[in-house]
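Presented below is the structure to which this report refers.
None of the values given here were measured: they were computed from a predicted structure. All residue numbers refer to positions in the sequence shown, counting from 1.
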Amino acid sequence: MQLPEFYTPYPARLNPNLERARVHARAWAHEMDMVGVPQHGTVIWTDEDLASHDYALLCAYTHPDCDGEALDLITDWYVWVFYFDDHFVELYKRNPDIQGAQAYLDRLPLFMPVDAAIRDEPANPVEKGLADLWRRTVGTHSRDWRERFAANTKHLLDESMWELHNISANRLSNPIEYIEMRRKVGGAPWSANLVEHAVGLEVPADIAGSRPIGVLRDTFSDAVHLRNDLFSYEREVFDEGELSNSVLVFEKFLDIGTQDAAEAVNDLLTSRLHQFEHTALTEVPILLDEHAVDPIGRAAVLGYVKGLQDWQAGGHEWHLRSSRYTNKDPKPQPGILGSLARTMPQRLRQFSNVPKIVQPYPRPTYDVPFPLGMAPHLDQCREEVIAWSEEVGLHGEGIWDEAKNRRFDLALASVCMDPDGTPSELFLSAAWLTWGTYGDDYYPWVFGRLKDLAGLKHQTARLKQCMPLDLVQTVVPANATERSLADLWQRTAAPMPQSFREEFRKAVDAMLDAWAWEVVNIQQNRIPDPVDYLEMRRSTFGSELTTSLSRFSHSTTVPPEIWRTRVVQTMERSAMDYTFMVNDTISYLKEIQYEGEVHNMVRVVENFLGVSQPRAFEITFKLMDARMGQFVRAVETDLPKLFDDLSLDSATRAALTRYADELKDWIVGVTHWHVETSRYYEEEIRTPVNAHLLAGAFSRRPSGIGTSAARITSRA
């Protein structure tokens, strides 16, 4: 495999303290017994290994502006993390030892306490190095930073088991799973924390968890890991028998040659860097203004952005020079201006969506491996939801009328998704589905073509105000979307304890923010980056809201930390991805031809890979099959193992088993509704608004702040 021509938009610079860091790192590695000291009879590194890998050069390139002391510390961290990786390979991967590996990893959190002193004695160089680095690093940082750094370090260590399980089972992950897990295994979020340390300023805690900062971190991480995979393909695949490499994943999943897979991975790397730049230039300034971040906080964020850019440039330069990787020479690199010019067509293609006539394709069918159930209250649920919709005004704004609402039949989805539900539970579920579907129509119709960013943000803020955590309404709803949400919030949140109410509110907030994200993309005529689309689609589809409500029914039985385990998150996310792709494949005609949409997995695949519509459908269905297989494996194999590994009691086991069954009901119920509803039939979508509603649209357009310019017209 020949290395592709990389996108290199930032110049690499070298820290003048390089030689000092080399001397210090060599002495420190010896002090920690990392060099020449056998581990279980195996010498992990020799002096020649350490010198040729040259981690001081990596850190001098990736942190060109920090002082000598900071560079010494950061270099020690990288010596430690690469030693950990090689130590784990030699002792636990080459001859897979899952029990020994788990016991080894379970001890490491003892040496990175957030608030306490380290009390345990290190038993190997990895523990010894971690204890020393932790003491030298965390004292200058806030609790928020320490918690983030400890969590990312733990992810980096723990998820090595994911790689080990795949090797042991000779299992290659699918592309969605790979990108998601590689962030944790690869350690780039951990590197992003060290960028803050090098800058000497922390991202303010109140925005550290926001979407823009998260996108900066995730796009940085993905680019770092994809680049590493390209450089390390031969070493990992041929020498180590590694399966965790994106080139190999693309090669096998897309059934293409190694070189074509490398070019596809490089295109994704470029796309992630474009996403980083887009977010830094468009979303971050708005975030700083919205939160009234002070000058110190702004300097920290800007320093963080620049530090991540420096890391990308320096990391690339180090990969070219380090003996750790033995690939053939890359294609000649054109320099910064040439790199920008070469990748400009890919950048422009993302902002050049052109509505198209969809090629005829058979209406999709779905083979879901779970039985369809149906609660015996469908007629009652239908009438209650229609009456509620009329009461809150969903039939009076020119977007829906009663006939359209009945044809959509959200009550059918409710009774299939929850076949054991009581009438009151089914009504509440159907009402949430109705509100979410209406909002999904309302946002693009009212804001999508108006270029009214201020109105969009104001409406989103007002909807969030309709969900007070103390249940005391201070906002008078001004339109049907607000009235219906305020009513649903009171009905749903009142029985919840405060802690769970906060979690549920976050899920609805995430959906509202995702709707706003979609509208901004429509305004910019931007087809999303495939990874960004995938992750945001879980929110726009309402998946997180649905799983949050389902979790609530088990919240008194299942401890909070169990919900955060990889097994449970895999069950949830694979179910989410399968169901939203059901929507995207069946709504393709409606969205692409009649609405000019950009938010559809088939369209995203077409645009990113430059493939035909049939090939894009083929790849999307293959992704669906992969996620369904992952869900089944998580439920049937990984969940019982989790029960045993964590010694869970019978009540918790029963609750999690029931939760898995509820996810099955959700998958099959969502799928059945999409097949049966009129919402995606051409007869319905050719006339998105009834004639009598169009006639009165100007007099009954949506009301409320930010909607005064709205005109309800067909988007066909």
Side-chain angles (χ1 to χ4, degrees), residues 1-9 174-176 178-179 219 222-223 226-227 229-230 233 246-278 330-331 334 338-361 364 521-522 524-537 577 581 584-585 587-589 591-593 596-626:
M1 184 194 86
Q2 184 183 34
L3 288 172
E5 184 179 317
F6 291 91
Y7 176 52
T8 52
N174 62 72
I176 297 175
Y178 180 79
I179 294 294
T219 50
D222 294 345
L226 293 169
R227 179 185 295 106
D229 285 354
L230 286 162
Y233 174 82
S246 56
V247 178
L248 184 64
V249 169
F250 276 46
E251 182 182 353
K252 300 304 182 185
F253 187 84
L254 297 176
D255 193 21
I256 56 180
T258 302
Q259 192 62 46
D260 288 339
E263 298 296 340
V265 169
N266 190 47
D267 286 343
L268 184 57
L269 163 58
T270 301
S271 180
R272 298 310 279 154
L273 289 173
H274 286 168
Q275 174 77 36
F276 178 94
E277 295 159 358
H278 178 78
K331 294 178 181 178
S339 184
L340 289 168
R342 186 190 68 80
T343 60
M344 188 58 69
Q346 181 178 347
R347 189 191 300 269
L348 293 177
R349 189 169 71 242
Q350 196 172 23
F351 290 87
S352 305
N353 178 59
V354 177
K356 67 168 201 168
I357 301 299
V358 169
Q359 300 173 37
Y361 64 97
N521 285 335
I522 290 170
Q524 297 173 343
N525 199 35
R526 173 178 177 267
I527 301 176
D529 167 274
V531 178
D532 196 35
Y533 174 73
L534 174 78
E535 294 174 339
M536 292 300 290
R537 189 67 172 99
D577 295 347
M581 284 188 273
D584 285 4
T585 51
S587 67
Y588 181 80
L589 175 66
E591 294 180 341
I592 304 308
Q593 180 167 318
E597 255 293 0
V598 295
H599 301 101
N600 184 288
M601 192 66 178
V602 181
R603 186 73 183 97
V604 168
V605 169
E606 277 183 287
N607 183 69
F608 175 69
L609 291 178
V611 296
S612 66
Q613 176 187 310
R615 175 62 171 156
F617 265 97
E618 178 188 343
I619 291 170
T620 303
F621 280 121
K622 192 171 182 180
L623 285 170
M624 292 175 66
D625 290 343

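When the salt bridge (Lys or Arg N to Asp or Glu O under 4.0 Å) test is applied to D267, no partner is found at least two apart in sequence or on another chain. Scanning for side-chain hydrogen bond (donor to acceptor under 3.5 Å, both in side chains) contacts around T270 gives an empty result, with sequence neighbours left out. In this view, R615 and E618 satisfy the side-chain hydrogen bond (donor to acceptor under 3.5 Å, both in side chains) rule, not counting sequence neighbours. For Y178, there are no ring-ring contact (aromatic ring centres under 6.0 Å, His included) partners two or more places apart in sequence or in a different chain. Residues passing the salt bridge (Lys or Arg N to Asp or Glu O under 4.0 Å) test with D529, sequence neighbours excluded: R272. By the salt bridge (Lys or Arg N to Asp or Glu O under 4.0 Å) test, K356 pairs with E606, sequence neighbours left out. Residues satisfying the ring-ring contact (aromatic ring centres under 6.0 Å, His included) criterion with F608, sequence neighbours excluded, are absent altogether. With sequence neighbours excluded, the residues satisfying side-chain hydrogen bond (donor to acceptor under 3.5 Å, both in side chains) with E535 are R183. Applying the salt bridge (Lys or Arg N to Asp or Glu O under 4.0 Å) rule to R537 yields the partners D584; only residues at least two apart in sequence or on another chain are considered. Not counting sequence neighbours, the partners of F351 by the ring-ring contact (aromatic ring centres under 6.0 Å, His included) test are H278. Evaluation of the side-chain contact (heavy atoms from CB on, under 4.5 Å) rule for L348 yields M344, S352 as partners, not counting sequence neighbours. When the side-chain hydrogen bond (donor to acceptor under 3.5 Å, both in side chains) test is applied to E251, the partners found at least two apart in sequence or on another chain are Y233, T258.
With hydrogens and angles ignored, the 3.5 Å screen pairs a side-chain donor or acceptor of N525 with a backbone N or O of N353.
Separating the CG atom in L226 from the CD1 atom in I179 is a distance of 5.0 Å, to the nearest 0.5 Å. Here the straight-line distance linking atom CG of L609 with atom CG of L254 works out to 6.5 Å at 0.5 Å rounding. With rounding to the nearest 0.5 angstrom, the CG atom of N600 is 4.5 Å from the CD1 atom of I592. To the nearest 0.5 angstrom, L3 atom CG is 11.5 Å from R227 atom CZ. Taken from CE in M581 to CE in M624, the straight-line distance is 6.5 Å, to the nearest 0.5 Å.
At least one side-chain heavy atom of E277 sits under 4.5 Å from a side-chain heavy atom of P9. Looking at R349 and N607, their side chains come closer than 4.5 Å, going by heavy atoms from C-beta outward. Residues Y588 and P364 fail the side-chain proximity criterion, which asks for heavy atoms closer than 4.5 Å.
Residues Y7 and R342 share a closest heavy-atom pair of N-NH2, 3.9 Å. Across all non-hydrogen atoms, the minimal contact from T585 to Y361 is O-OH, 3.7 Å. Contact between V249 and N174 at its shortest, heavy atoms only, is CG1-C, 4.1 Å. Considering every non-hydrogen atom in both A616 and V611, the closest pair reads N-CG2, 3.9 Å. In terms of heavy-atom proximity, M1 sits nearest to L230 at CE-O, 3.3 Å. Taking all atoms of both residues into account, the shortest heavy-atom contact from P530 to V604 is CA-CG1, 3.6 Å.
No more than 12 heavy-atom neighbours from other residues, nucleotides or ligands sit within 6.0 angstrom of NZ on K252.
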Test side chain to side chain contact (heavy atoms under 4.5 Å, CB included) applied to I522 and H599, step by step: CA-CA 9 Å; I522 290 170; H599 301 101; 4.1 Å; yes
Step-by-step side chain to side chain contact (heavy atoms under 4.5 Å, CB included) determination, F253 to L623: CA-CA 9 Å; F253 187 84; L623 285 170; 3.5 Å; yes
Show your reasoning for whether side chain to side chain contact (heavy atoms under 4.5 Å, CB included) applies to D222 and L268. CA-CA 9 Å; D222 294 345; L268 184 57; over 6 Å; no
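Between R603 and E591 there is no salt bridge, since no side-chain N of the basic residue sits under 4.0 Å from a carboxylate O of the acidic one.
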